[in-house]
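Just so we're on the same page: letters track the sequence lines, and every chain starts at 1.
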2 protein chains.
Amino acid sequence: MHKAVTIKDIARECGVSLSTVSLVINGNPRISEKTRQRVMEAVRKHDYKPNAQARGLVSRASYTLSVVVPELGRAFGDIYYGPLIGGIYECATERGYKLMLDMNNETFRRRKEYIDMLKTGRVDGMLFIATNNFDQFLAELVGTPYAALVVNNWLPGQPLSHVAADYAQSARVAGEHILGLGHRQIGVIGGTNVTTAELFNQTLLEVLEEAGIDPDSVPFRDGGFTEPGGFEAARSLTENRPDLTALIAGNDRMAIGALRYLEMKGRKVPKEISVIGVDDIATAAQARPALTTVRHDYYRIGYQAAEQALALFKDPSQTIRDLVPVELVTRVSTGPAPA
Amino acid sequence: MHKAVTIKDIARECGVSLSTVSLVINGNPRISEKTRQRVMEAVRKHDYKPNAQARGLVSRASYTLSVVVPELGRAFGDIYYGPLIGGIYECATERGYKLMLDMNNETFRRRKEYIDMLKTGRVDGMLFIATNNFDQFLAELVGTPYAALVVNNWLPGQPLSHVAADYAQSARVAGEHILGLGHRQIGVIGGTNVTTAELFNQTLLEVLEEAGIDPDSVPFRDGGFTEPGGFEAARSLTENRPDLTALIAGNDRMAIGALRYLEMKGRKVPKEISVIGVDDIATAAQARPALTTVRHDYYRIGYQAAEQALALFKDPSQTIRDLVPVELVTRVSTGPAPA
DNA sequence: CTGAAAGCGCTAACAA
DNA sequence: TTGTTAGCGCTTTCAG
């Protein structure tokens with residue numbers, strides 16, 4: 001919208017050609033120290049910055065990644081996104097990439113922006129955050145020459161790249177921790193309609209079954225991934241099954257909701273009943289009692305997701321399936337089953 | 001990173017010139033219906049999308065706005081950002097603009113990205129969210145031909161554009177509401193190091209003074225804009241001044257923190273003590289008791305900020321100073337001063 | 001109503 | 001070591 005200083009201006013000012021200036025600013029060593037100095041001087045003097053679109057046009061890259069989140073109201077307000085997007089941001093920045101923010105809303109899907117942004121070259125890759133089983137449009141990206149990657153989830157049966165926490169392992173770790181403490185009457189607060197969450201639920205049942213517990217006898221409630229949902233699920237579970245000595249939640253928010261319910265009811269945690277979550281969000285350690293959980297390193301997941309998106313951009317023919325390991329974090333909310 | 005279908009392909013396929021295709025896809029009416037049809041057919045067939053960088057190079061625009069937030073951990077986890085960025089996003093989308101996400105961290109400032117992104121043409125404008133008095137680098141944008149805009153704050157004494165809630169009005173509305181309920185012993189929980197917050201604090205004192213209250217007798221605590229800060233400030237205020245019958249907080253998070261403290265202490269709100277906040281974040285209505293507050297329409301502020309950033313892009317010579325009106329929302333947390 | 005040609009700002013062969 | 005030239009994909013006069 002205004003006249004900026006271009007490579008031409010610098011070239012003219014220094015009495016050299018465009019390519020010389022180009023080579024200098026790109027650090028090509030085949031330019032003599034003398035002219036390099038002269039050019040750099042002019043560059044500094046005018047504070048010249050090469051136009052990104054012109055560069056991108058030639059290099060066929062936008063040096064931009066898109067992060068697609070669900071509705072913003074949900075994204076902001078969810079502490080879980082912080083480290084995840086932080087990791088993406090960090091990796092992108094280190095590689096000279098910028099982040100675009102996209103919203104997976106009706107308009108986004110109708111306009112097919114998930115494919116347009118890639119096609120028009122506005123972004124080199126897209127990272128889909130917090131997707132669920134209803135996001136079937138993602139399947140349209142399968143087989144395209146574009147760098148699309150699902151973060152912390154995946155499309156079952158589709159060769160679409162993803163980087164996610166190892167939820168099967170989380171279920172195993174959480175289940176075995178609770179079993180190891182002697183619990184047999186266990187309730188599950190899980191999420192649904194998300195592949196990783198369903199994998200967690202299912203694997204958990206398998207782990208309990210391996211320990212001789214009839215899966216059909218394990219009560220399950222959908223906590224909708226939220227704290228109020230967890231609160232409500234805990235209420236429902238404990239009212240129907242007063243004998244429960246442990247609650248396993250699919251994420252920390254639901255676990256914290258359960259904790260709040262139990263506190264309200266005056267139930268002693270972990271003396272009477274144990275609670276374990278998944279994620280290790282920042283508030284888990286500050287919960288009362290401090291929440292035992294299975295840590296998911298979302299910063300790392302984000303970082304790795306960005307890294308792989310760029311790898312995908314280089315070679316879109318591959319399908320990346322990265323599972324990031326998890327780790328038990330023992331705090332106060334779990335203890336031996338009461339006698 | 002791969003061969004995409006270009007305007008040339010379409011032109012060749014239809015046996016027309018590049019310009020004809022260009023005119024068609026840009027909806028120029030001077031093309032005959034017949035060729036238009038033919039071209040559109042090919043466009044659809046190949047799902048052709050014009051390259052954004054090439055377009056941008058010609059039009060000298062990137063059709064991208066940058067939203068600069070402070071550290072992401074703070075941004076995600078703060079429900080306040082949702083409507084604000086939602087408004088920006090909505091306005092941008094309506095105008096065919098995309099959003100870039102930038103972080104006001106050390107790297108961002110050191111690399112002077114706040115000016116580079118504009119200079120290199122990566123973005124057409126920048127919106128700075130949640131700035132404070134330490135962000136002095138913003139002054140470097142004054143007098144440049146770039147579209148920079150501070151959201152919900154401003155740089156005192158600098159001709160830098162901003163769109164913000166009318167905090168002086170908020171202070172007036174909150175103060176008069178509390179005074180109108182007969183309160184005379186009033187404590188203030190405010191934020192600091194942010195121009196709008198300081199304006200709020202100062203205006204509030206003026207309002208109280210107008211009502212005959214000695215400003216020096218009004219106790220103030222810095223609540224750091226956070227819920228724990230508000231909790232702590234309420235503790236400090238009520239312990240030092242047990243006679244207080246009302247607490248005015250500079251935002252809802254601090255007010256909710258105060259509410260939590262008072263609840264813990266068994267102090268009846270609003271019977272014994274009234275609490276009022278500012279913002280009307282989503283959780284204010286769900287607080288117990290429901291929080292009386294001064295509503296700031298952040299969606300609208302965000303929307304208007306994006307709008308003005310684009311206006312600034314068109315004509316960077318102007319300085320925009322928009323104040324968005326506020327509105328009292330009376331709920332349960334305020335009531336008549338006890339006798 | 002359509003096409004040819006110039007140019008947006010930059011990079012990258014290829015010459016010199 | 002440096003300059004010339006030809007694009008990257010698109011828009012936009014200006015001719016025809």
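If Arg30(B) and Ala54(B) are placed on DNA chain D by their nearest nucleotide, the residue sitting closer to the 5' end is Ala54(B).
Residues from residues 35-46 of chain A that place a heavy atom under 4.0 Å from any atom of DNA chain C: there are none.
Using a cut-off of 4.0 Å between Lys/Arg side-chain N and Asp/Glu carboxylate O, Lys98(B) and Asp102(A) are scored as salt-bridged. Salt bridge annotation for Asp9(B)-Arg12(B): present, with a cationic side-chain nitrogen under 4.0 angstrom from a carboxylate oxygen. Between Arg36(A) and Glu33(A) there is a salt bridge, since a side-chain N of the basic residue sits under 4.0 Å from a carboxylate O of the acidic one.
In the set dG9(D), dT12(D), dC10(C), the nucleotide with an atom closest to the side chain of Thr6(B) is dG9(D). Considering only side-chain atoms of Val58(B), the nucleotide from dC1(C), dG3(D), dT11(D) that sits closest is dT11(D). Closest to the side chain of Ser22(A), from the set dT11(C), dC10(D), dG3(C), is dT11(C). Side-chain atoms of Thr20(B) lie closest to dG3(C) of the nucleotides dG9(C), dA13(C), dG3(C). Here the side chain of Ser32(A) is nearest to one of dG9(D), dG9(C), dT1(D), namely dT1(D). Picking from dC8(C), dC10(D), dC8(D) the nucleotide with the shortest atom distance to the side chain of Arg60(B) gives dC8(C).
The interatomic distance linking Ile31(A) (CD1) with dG3(D) (C1') rounds to 10 Å, in whole Å. The interatomic distance linking Tyr48(A) (OH) with dG9(C) (C1') rounds to 7 Å, in whole Å. When the C1' atom of dA13(C) is taken as reference, atom CG of Asn28(A) falls 13 Å away, rounded to whole Å. Straight-line distance from the CG atom of Leu23(A) to the P atom of dC14(C): 15 Å, rounded to whole Å. Computed from coordinates, the Asn26(A) CG to dG9(C) P distance equals 17 Å when rounded to whole Å.
Remark: side-chain polar atoms of Glu71(A) are not paired, donor with acceptor, to backbone N or O of Gly86(B) under 3.5 angstrom.
Lys8(A) has no side-chain polar atom (N or O) that falls below the 4.0 Å cut-off from OP1 or OP2 of dG7(C). Look at Arg55(A) and you'll find a side-chain N or O under 4.0 angstrom from OP1 or OP2 of dT11(C). For the pair Asn51(A) and dC8(C), the criterion of a side-chain N or O lying under 4.0 Å from OP1 or OP2 is not met. Taking only side-chain nitrogens and oxygens, Lys49(A) never comes nearer than 4.0 Å to OP1 or OP2 of dG9(C).
The side-chain hydrogen bond (donor to acceptor under 3.5 Å, both in side chains) test with Tyr303(B) singles out one residue from Glu94(B), Glu90(B), Gln308(B), and that residue is Glu94(B).
Side chains of Asn152(A) and Tyr80(A): a donor-acceptor N/O pair is present below 3.5 angstrom, by distance only. Side-chain atoms of Ser17(B) and Thr20(B) form a donor-acceptor pair, as typed in the model, at a separation below 3.5 Å.
Rounding to the nearest 0.5 Å places CE of Met126(B) at 3.0 Å from OG of Ser66(B).
Looking at heavy-atom distances under 4.0 Å, Val16(B) makes contact with sugar-phosphate atoms alone, never a base. Counting any heavy atom pair closer than 4.0 Å across all strands shown, Ser19(B) reaches a base atom.
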